[in-house]
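Read the structure below first, then the notes.
Note that the coordinates shown come from a computational prediction; the quantities given were computed from them, not determined experimentally. Quick note on labels: first sequence line is chain A, next is B, and so on, each numbered from 1.
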Amino acid sequence: MSKMEQKAVSRPIIELSNVSKAFNGVSVLDNLNLVIPKGQKVALLGPSGSGKTTILRILMTLETIDAGQVRVGGQSMYEEQSGVPRLLPESQLRSVRARIGMVFQHFGLFPHLTVLSNIALPQILNGQARKAEAEARALDLLQTVGLADKAHLLPDQLSGGQKQRVAIARALALQPDILLFDEPTSALDPQRVSEVLDLLNVIGETTGATMLLVTHEMEFARQFADRVLFFDHGQIVEDGAPDLVFTNPQDHRTRAFLGLPARGV
Amino acid sequence: MTENIVLDLFCSVLHGLEITVALTVLGSVLAFICAFVFGLGRIARWRLIRIISVFYIEVFRGTSVFVQVFWLYYALPAFGILLSPFLSGILGLGLNVGAYGAEVVRSAIQATGKDQYESCCALNFTRYQTFRYIVLPQAFPRMLPVFGNNMVELMKATSIVSLISLSDITFQAQQFRIRTGQTFLPFAVTLLVYFLLYLGILFFVQSVTRLTKPKSVKV
């Protein structure tokens, strides 16, 4: 393999360089560096408020950074303006956003649209498909998530687990390179969690998309992810393969979080 | 004699009804337009538009609709602007109720959940698409009940145009009283007509509400 090819294979799809972010003076991300290669499935773990969700929201441009740079597919999302990073103008951001899909904890479905329209409309508005084609693709996706028979219902007529499966189908409909899952099972009844996790497994195996998953489902993260990041106070304190991080974490904060005994001195 | 009086009353009411209905419909159309223009202006990105909108809303909500109509009809001529009584009536009522409507539009739009905007961002919608396809369709049904109330208020307030020489139902009833000396009959009929108009507005608003309700489709 030539050097050029090697570079192409390992080219990162997501790069966060020296990213800092504070909310009302409280630091949430502290000079964070993170590189994620294309196609990797990454689980982001850690206590609440440690910055996991903020990373997803920054990538989706729902939050802006205070310092640093974010690149998606090699494209910078910020430009320096007198030392402060400024998000690119809306027109330029759209091409970056088009590569990213996000699934929220509370689904964010459109209550006035049927399940089918929830999935079809974004394709139409993004100019990816005309109505008939978009609806056909939406039905296909509903088949995939096992809800084809609910296509013509309103979101409020579905259970939490079903809503989340629709939200996942909606994100998939735009065929993003990157999928962000922000605690997709946290708002669900315990008996509904598995239907969403099973679906994530299917997607992980079939789409080849880069996936970032913020979750508190440790067991699931372990078998799902290629890589586990453990966050504490806005910093990555553990970064490695799931088996390594779960069985033999190096950092005492990870050990404490996972309920492992502290290392003998 | 009695037959003559009844016929006279019937004709008077019919004439007056024409004016009252025309004022209600045209005033409501103007109010609806003002409600959207200034309701959206109130939350626009540009400061100047926000200031103009707030000014309009507060001035017209904070002063009497009587005085506003008098202003248009009696005071504007002092500045060389002559408006017909009918136009003064429409403008006065429409602008006044539109100011209330603008606050309805603003609050209905601001009641849209943050999650809806975040979903739109994640689905790469433009600002216009977000408003047109997600925010407005959810906010509009929220506006309707209050719009209905406002329209009823506007209809009832049309009686003030009798004070600027427009012959609406109230004016006709007064004239009838003066002509015939009858008091019970004209005002009883007037009350009844206003109430029927109220029922008409109620029916209209309910029909529109039914049309805008999201529907799950039976397969």
Side-chain angles (χ1 to χ4, degrees), chain A residues 56-57 59-63 90-91 93-128 139 148-158 167 170-174 176 178-182 187, chain B residues 36 39-40 43-47 49-50 104-148 205-219:
Chain A
L56 301 197
R57 293 177 58 83
L59 287 168
M60 199 68 257
T61 68
L62 296 171
E63 305 284 356
E90 198 66 13
S91 53
L93 277 182
R94 290 201 82 211
S95 66
V96 182
R97 271 197 213 116
R99 308 187 62 166
I100 310 175
M102 184 159 178
V103 173
F104 298 89
Q105 186 178 352
H106 295 287
F107 331 122
L109 295 178
F110 303 129
H112 62 298
L113 300 177
T114 61
V115 164
L116 188 75
S117 300
N118 259 280
I119 305 171
L121 182 71
Q123 302 173 52
I124 299 167
L125 295 188
N126 276 280
Q128 290 193 355
L139 265 178
D149 57 328
K150 311 284 188 209
H152 300 285
L153 296 182
L154 292 169
D156 283 346
Q157 296 170 293
L158 304 181
R170 186 175 68 174
L172 289 173
L174 297 177
I178 301 166
L179 277 165
L180 311 173
F181 296 92
D182 183 16
Chain B
F36 269 91
L40 296 178
I43 47 178
R45 268 185 291 179
W46 300 281
R47 205 175 130 83
I49 293 181
R50 286 203 305 272
V104 177
V105 169
R106 177 195 60 76
S107 66
I109 284 171
Q110 288 185 333
T112 308
K114 195 176 151 212
D115 68 312
Q116 296 290 302
Y117 290 99
E118 294 192 341
S119 284
C120 289
C121 177
L123 295 165
N124 208 15
F125 292 176
T126 62
R127 281 175 63 99
Y128 170 74
Q129 288 172 339
T130 301
F131 180 75
R132 163 70 182 79
Y133 294 98
I134 306 303
V135 177
L136 189 59
Q138 291 182 52
F140 190 64
R142 282 197 282 268
M143 301 171 195
L144 285 175
V146 197
F147 274 173
V205 173
Q206 277 172 358
S207 307
V208 179
T209 306
R210 217 171 304 124
L211 281 177
T212 58
K213 238 195 187 139
K215 282 177 257 316
S216 60
V217 190
K218 285 263 163 60
V219 257

Practice problem: Apply side-chain contact (heavy atoms from CB on, under 4.5 Å) to B/F147 and B/V105, showing your working. | Solution: CA-CA 9 Å; B/F147 274 173; B/V105 169; 3.7 Å; yes
Taking the side chain as every heavy atom from C-beta outward, state whether [X] and [Y] have any pair of such atoms under 4.5 Å apart.
X: A/L179; Y: A/L172; result: yes
X: A/H112; Y: A/L154; result: no
X: A/E90; Y: A/R97; result: yes

Quiz item: Cut-off 3.5 Å, side chains only: do B/Q138 and B/R142 have a donor facing an acceptor?
Solution: no
Quiz item: Between A/M102, A/R94, A/M60, which shows the greatest number of heavy-atom pairs under 4.5 Å with chain B?
Solution: A/R94
Exercise. Answer yes or no: is there a donor N or O on one side and an acceptor on the other, between the side chain of B/R106 and the main chain of B/G39, under 3.5 Å?
Key: no
Quiz item: So, does A/Q105 use its side chain to make a donor-acceptor pair with the main chain of A/F181 at under 3.5 Å?
Solution: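 Side chain of A/Q105 to backbone of A/F181: no pair is present.
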Quiz prompt | Residues of residues 117-126 of chain B within contact distance of chain A, non-hydrogen under 4.5 Å | solution =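 Expected list: B/E118, B/S119, B/C120, B/C121, B/A122, B/L123, B/N124, B/F125, B/T126.
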Quiz item: By a 4.5 Å heavy-atom criterion (distance strictly below it), what part of B/K213 contacts chain A: side chain, backbone, both, or neither?
Solution: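 Neither part.
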Self-check item: side chain to side chain donor-acceptor pair (under 3.5 Å) partners for A/H106, two or more places apart
Solution: none
For [X], is it the side chain, the backbone, both, or neither that has a heavy atom closer than 4.5 Å to a heavy atom of chain B?
X: A/R170; value: both
X: A/F110; value: both
X: A/L174; value: side chain
X: A/L180; value: neither

Practice problem: Look at the aromatic rings of B/F36 and B/F140 and report parallel, tilted or perpendicular, splitting at 30° and 60°. | Solution: tilted
